[in-house]
Amino acid sequence: MSEEFYRMKRLPPYVIAEVNAMRAAARAAGEDIIDLGMGNPDLPPPPHVIDKLIEVVRKPDAHGYSQSKGIPGLRKAQANYYGRRFGVDVDPETEVVVTMGSKEGLASLATAITAPGDVVLAPNPSYPIHMFGFILAGATIRSVPTTPDENYFRSLDRAMAFTVPRPSILVVNYPSNPTAETVDLAFYERLVAWAKENKVWVLSDLAYSELYYDGKPTPSILQVPGAKEIAIEFTSLSKTYSMAGWRIGFAVGNKQLIAAMTRVKSYLDYGAFTPIQAAACAALNGPQDIVQKNRELYHKRRDVLVESFGRAGWDIPAPPASMFAWAPLPPALKEMGSLEFSKQLLTHAKVAVAPGVGYGEDGEGYVRIAMVENEQRLRQAARNVKKYLQSMGINTPAKGAA
């Protein structure tokens, strides 16, 4: 009985968990750790959303089983969001399903449409569920680059030409977690044409749809005419409305994929708690000023992070979107590797970051920094990092990091 279970053998060690365990131990010992590791929003949800939750949770009939695919009002609210934000018409009955976060949605869809031995194209580096949701479902992963340049499309063509069996699914994620890279509508137009030509389903993870900076709104793949023939898209309220723990997301798009996912979910769950779904309706249908306010706040944090860490001696590219910075290791410490560097930062600078290798082998040489602490804490993190870099013999600018 000591043999490891089949699916457990298919999962590699969760590298990021190693740093998380160190962080937890340090905090348990009373250390003040500046946690920039997990993308866990530190802001509160809008007050009217909390009010709606309290209102509905007091109703005696609100505590039974809910609808697995989501209550009608919430599916309609999401359809209205797509119309308002992207100019895309969506049928709330056949083209929308409510998920318990986009992570659960991706895993449920993988279960619904993947057969053992299927080949799935997934970005590397990427958020782990993009690969491991399909690995758990029995698929084989072929990696493609995350950077959306000409080499990306060459990689897709090579994958189709030299992979047996031919890939049937492609996962895309822009703005990217972890790299924060973005695409324009022309990219999606080219991608949809490629997918139709090669008979490949496209799964788009748009979790960071509203966290864009520099006045460049994030597009949706569904804006491309005919995209619904081959594409499904996942969104979430986690980052947009600071509701990560509420576990509410959506899948929108192709009717066949939505139907398959809805059927699988009907066997696995009864949907999110009804008062939470009602409150999610309030988020989507109510005042949207919180969305712009959060965007501006993360934008300021981004600028503080880049400026203060740069003055500390660590140059970090400014992310154009998302709540993350994808930071190359300081050149003098590149040979250390991202996991060891993350451990060193935690131990000596009391700053937690996520090692890039935890998002795939092509993430080596980087760490992901989440902008989930206030500006004062980000500046403190920069001061701590500067002291650590100086202790490693790395020259830093003469001026302080704050």
Side-chain angles (χ1 to χ4, degrees), residues 46 69-70 72-99 101-102 105-106 109 148 170-177 180-196 201-243 248-258 261 280-296 298-299 320-323:
K69 67 177 183 178
L74 184 52
R75 284 183 279 117
K76 185 176 180 180
Q78 177 67 354
N80 290 340
Y81 163 75
Y82 262 80
R84 175 173 80 237
R85 173 68 167 79
F86 301 114
V88 175
D89 290 330
V90 175
D91 182 349
E93 284 301 315
T94 61
E95 296 178 332
V96 181
V97 61
V98 179
T99 66
S102 54
L106 282 157
L109 184 60
L170 168 67
V171 181
V172 296
N173 170 217
Y174 300 105
S176 167
N177 177 8
E181 290 168 294
T182 59
V183 296
D184 57 16
L185 194 57
F187 172 88
Y188 283 136
E189 290 169 346
R190 185 174 176 183
L191 189 67
V192 168
W194 177 90
K196 287 183 177 181
W201 294 114
V202 179
L203 281 52
S204 169
D205 183 355
L206 192 61
Y208 298 92
S209 60
E210 300 307 325
L211 292 184
Y212 57 84
Y213 312 121
D214 305 322
K216 297 178 181 178
T218 304
S220 161
I221 192 172
L222 299 183
Q223 290 176 257
V224 178
K228 285 190 210 172
E229 296 172 25
I230 49 87
I232 188 171
E233 191 159 66
F234 294 87
T235 59
S236 166
L237 301 191
S238 295
K239 311 306 191 294
T240 305
Y241 300 98
S242 301
M243 294 167 63
I248 288 287
F250 304 90
V252 175
N254 180 268
K255 293 180 181 181
Q256 186 180 349
L257 294 179
I258 293 291
M261 186 174 164
C281 290
L284 288 168
N285 293 334
Q288 299 299 301
D289 55 320
I290 187 69
V291 179
Q292 177 67 22
K293 182 180 177 182
N294 285 353
R295 185 184 303 126
E296 292 172 354
Y298 282 114
H299 192 168
S322 86
M323 63 194 305

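For reference, positions follow the sequence shown, starting with 1.
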[X] vs [Y] side-chain heavy atoms within contact, under 4.5 Å:
{"X": "Ile258", "Y": "Thr94", "value": "no"}
{"X": "Phe250", "Y": "Leu74", "value": "yes"}
{"X": "Gln223", "Y": "Tyr188", "value": "no"}

Worksheet item: Could you give all pairs that pass the ring-ring contact (aromatic ring centres under 6.0 Å, His included) test and reach residues 212-234, with sequence neighbours left out?
Response: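 Counting only pairs at least two positions apart or across chains, the ring-ring contact (aromatic ring centres under 6.0 Å, His included) contacts touching residues 212-234 are Tyr213-His299.
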Practice prompt. Any chance you could measure Ser238, atom OG, to Tyr208, atom OH, to the nearest 0.5 Å?
Written response: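 Rounded to the nearest 0.5 Å, the OG-OH separation comes to 8.0 Å.
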Worksheet item: Looking at OG1 of Thr240 and CD1 of Ile290, how far apart are the two atoms once the value is rounded to the nearest 0.5 Å?
Response: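 So the OG1 of Thr240 and the CD1 of Ile290 are separated by 11.0 Å.
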Flag, side chain of [X] to backbone of [Y], donor-acceptor distance under 3.5 Å:
{"X": "Gln78", "Y": "Val96", "answer": "no"}
{"X": "Asn254", "Y": "Lys228", "answer": "yes"}
{"X": "Asp89", "Y": "Asp91", "answer": "no"}
{"X": "Asn294", "Y": "Tyr298", "answer": "no"}

Worksheet entry | Arg85 bridged to Glu210 by N-O distance under 4.0 Å |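 Yes.
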Worksheet entry | Between Gln288 and Gln292: side-chain donor-acceptor atoms closer than 3.5 Å |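 Judged by distance alone, the side chains do not pair up.
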